[in-house]
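What follows is a set of notes on a single structure, which appears directly below.
Here, residue 1 is the first one in the sequence, and each next residue gets the next number. Since the model is a prediction, treat every value here as computed from it, not as a measurement.
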Amino acid sequence: MENVDTIDKKNTQIIALVGFNEDFLRTFFDSCDFEGRTLAYFENGMKLVQDWTEKKLEIIAVISYSEILSNGGLSLIETLKNREMPRTPFFLVVKYFNSNLRILALTAGISDVFRLPLQKKRIEKRVIFFIRHWNPLTRELPIGTRQVYHIGFAKRMFDIFFAGAALILLFPLLALVAFSIWVESKGPVFYYSLRTGTGFKVFRFYKFRSMYVNADQKVKDLMHLNQYNIDQKKDQVSQVGPVLCDTCIQTGKCQYPIYADGAQWCEKDDIYVNSLKNGSAFFKIANDPRITKVGNFIRNTSIDELPQLWNVIKGDMSIVGNRPLPIYEAEKLTTDKYVLRFAAPAGLTGLWQVEKRGKGKMSEEERLTLDNTYAKNQSFINDIKLIFRTIPALFQKESV
């Protein structure tokens, strides 16, 4: 394994390793025999594309350490296609895998997927096989782009007009909120989380920041105030890094990260505040001090969601559609029963938001069924009808 800057680039065939840490590289790849080909490490996909282009590297295969729906998976291979990089075998190393994800990966152009723990001999055989036979394989089995939903002209024009007008009209409010956030708590005004939208496309989902930047550290400092599960969390508090919620602790890492200029939170922190009343949160403190005063106000009024209008302008989302999901939630819905929901546009509001509002608690099964129903019947006319139904639904007392 070499750093790309130390490689003699002339006639050097390179296998690019993306996203691996040093320990992982030494453990799993230093002893692999790729018939004398050079291994080079890249921190992330953007670094790979940059060096590949600027240094004119002869990269003959890419091995990325990433979940299929994460940035180093489908998003990276889509980036390589969009940048018109040379077509090469592309492999993924993942922790989570099933038959539906395999189909999704292969149809997207991923050559093979290796699940941890790795079998070195299998990696050697598969990588070498694809490198040797890449030209005939790509001639006989052309790799096509996944067929996903494309927003129609009328719907796209409506989205741009509606979101653009809203941003212009609300600009004074947005500026005031941004200034208030910055004054109360120095740090980035916005943050983003990675969400999965149409056709499993992963994009940055924006919100106003409503918590202090060092929210994770505040969890540790205030753990003695926790109203339950104190003993269970004692060992966790002493660890370096963020405290994990009950969902994330099963995998040993945060599954719902959100980011802002280098700072990172768990999206469960953003969710659990709304579930304190039913006791479902892992960390329960009255008047949680991690949330700023401005943050509490914009959460209660849903103003923190307004930056998603920019997602609509960019084309990541539409005004009407199925709500985009965190990556790990989307991964669980790649079954034949629910995958249809991803054939529809991702949206700010949709069928399930208005269908069950005011009619009692809605189960997850009902919500997913409504997502599928919307995907089957989606049209511009139906979207306009849903918008008119959304307005009176906002004034109903019961939320979903």
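- Under a 3.5 Å cut-off, the side chain of Tyr206 and the backbone N or O of Leu306 do not form any donor-acceptor pair.
- Side-chain contact check for Leu386 versus Thr349: every heavy-atom pair is 4.5 Å or farther apart.
- By the 4.5 Å heavy-atom criterion applied to side chains, Ile63 and Val93 are counted as neighbours.
- Of the possible donor and acceptor atoms, one in the side chain of Asn382 sits under 3.5 Å from a partner among the backbone N and O of Asn377.
- When all heavy atoms of Asp159 and Ser318 are compared, the pair lying nearest together is OD2-OG, 2.6 Å.
- Across all their heavy atoms, Ala154 and Phe380 have their closest contact at O-CE1, 3.9 Å.
- For the atom pair CD (Gln13) and CD (Glu35), the distance works out to 10.0 Å, reported to the nearest 0.5 Å.
- At least one donor-acceptor pair closer than 3.5 Å links the side chain of Ser66 to the backbone N or O of Gly73.
- Shown here is Lys125, whose NZ atom has no more than 12 heavy atoms of other residues, nucleotides or ligands within 6.0 Å.
- The backbone N or O of Gly295 sits less than 3.5 Å from a side-chain atom of Thr292, completing a donor-acceptor pair.
- Taking the ring centre of Tyr191 as origin, the terminal cationic atom of Arg209 falls outside the region bounded by 6.0 Å and 45° from the ring axis.
- Here the options are Thr373, Asn372, Asp371, Thr198, the test is side chain to side chain donor-acceptor pair (under 3.5 Å), and the partner is Arg341; only Asp371 passes.
- Ring centers of Phe20 and Tyr65: under 6.0 Å apart, within the cut-off.
- Formation of a donor-acceptor pair under 3.5 Å by the Asn322 side chain with backbone atoms of Gly347 is not found in this model.
- Of the possible polar contacts, one joining the Thr79 side chain to the Ser75 backbone as a donor-acceptor pair under 3.5 Å is found.
- The aromatic rings of Phe91 and Phe114 sit parallel, their planes meeting at an angle under 30°, below the 60° perpendicular limit.
- Within the 3.5 Å criterion, the main-chain N or O of Ile319 finds no donor-acceptor partner in the side chain of Lys155.
- Interatomic distance, Phe208 CZ to Ser302 OG, rounded to the nearest 0.5 Å: 13.0 Å.
- Between the CD1 atom of Ile123 and the CD1 atom of Ile128 there is a distance of 11.0 Å, given to the nearest 0.5 Å.
- When every heavy atom of Phe205 is checked against every heavy atom of Pro324, the shortest pair comes out as CE1-CG, 3.7 Å.
- Taking the side chain as every heavy atom from C-beta outward, Leu194 and Phe203 never approach each other to under 4.5 Å.
- Shortest non-hydrogen contact noted between Ile77 and Ala108 is CD1-O, 3.8 Å.
- Distance check, rounded to the nearest 0.5 Å: OG of Ser111 to CG of Leu137 gives 8.5 Å.
- One distance of note links CD1 of Ile60 with CD1 of Ile131; it measures 4.0 Å at 0.5 Å rounding.
- Under a cut-off of 6.0 angstrom, the local environment of CZ in Arg122 is crowded, with over 12 non-hydrogen atoms contributed by other residues, nucleotides or ligands.
- In this structure, Leu76 and Val18 approach most closely via the heavy-atom pair CD2-CG1, 4.4 Å.
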Self-check item: Residues Glu58, Arg37; criterion salt bridge (Lys or Arg N to Asp or Glu O under 4.0 Å); working and verdict
Solution: CA-CA 11 Å; Glu58 186 183 355; Arg37 297 175 176 89; over 6 Å; no
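- Formation of a donor-acceptor pair under 3.5 Å by the Glu184 side chain with backbone atoms of Lys293 is found in this model.
- When all heavy atoms are compared, the tightest approach of Arg299 to Ser210 is NE-OG, 2.7 Å.
- Atom CZ of Arg204 is surrounded by 12 or fewer heavy atoms from other residues, nucleotides or ligands within 6.0 Å.
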Exercise. Determine, step by step, whether Glu305 and Lys207 satisfy the salt bridge (Lys or Arg N to Asp or Glu O under 4.0 Å) criterion, reporting the C-alpha distance in whole Å, the side-chain angles of both residues, the deciding distance to 0.1 Å, and the verdict.
Key: CA-CA 5 Å; Glu305 305 278 353; Lys207 281 189 177 184; 3.4 Å; yes
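- Cation-pi geometry between Lys186 and Trp182 is met: the NZ or CZ atom falls under 6.0 Å from the ring centre, inside 45° of the normal.
- Here the side chains of Leu48 and Ile59 are in contact, with some heavy-atom distance below 4.5 Å.
- Side-chain contact between Leu173 and Leu170 is present, with at least one heavy-atom pair separated by less than 4.5 Å.
- With hydrogens and angles disregarded, no donor-acceptor distance shorter than 3.5 Å links the side chain of Trp134 to the backbone of Ala61.
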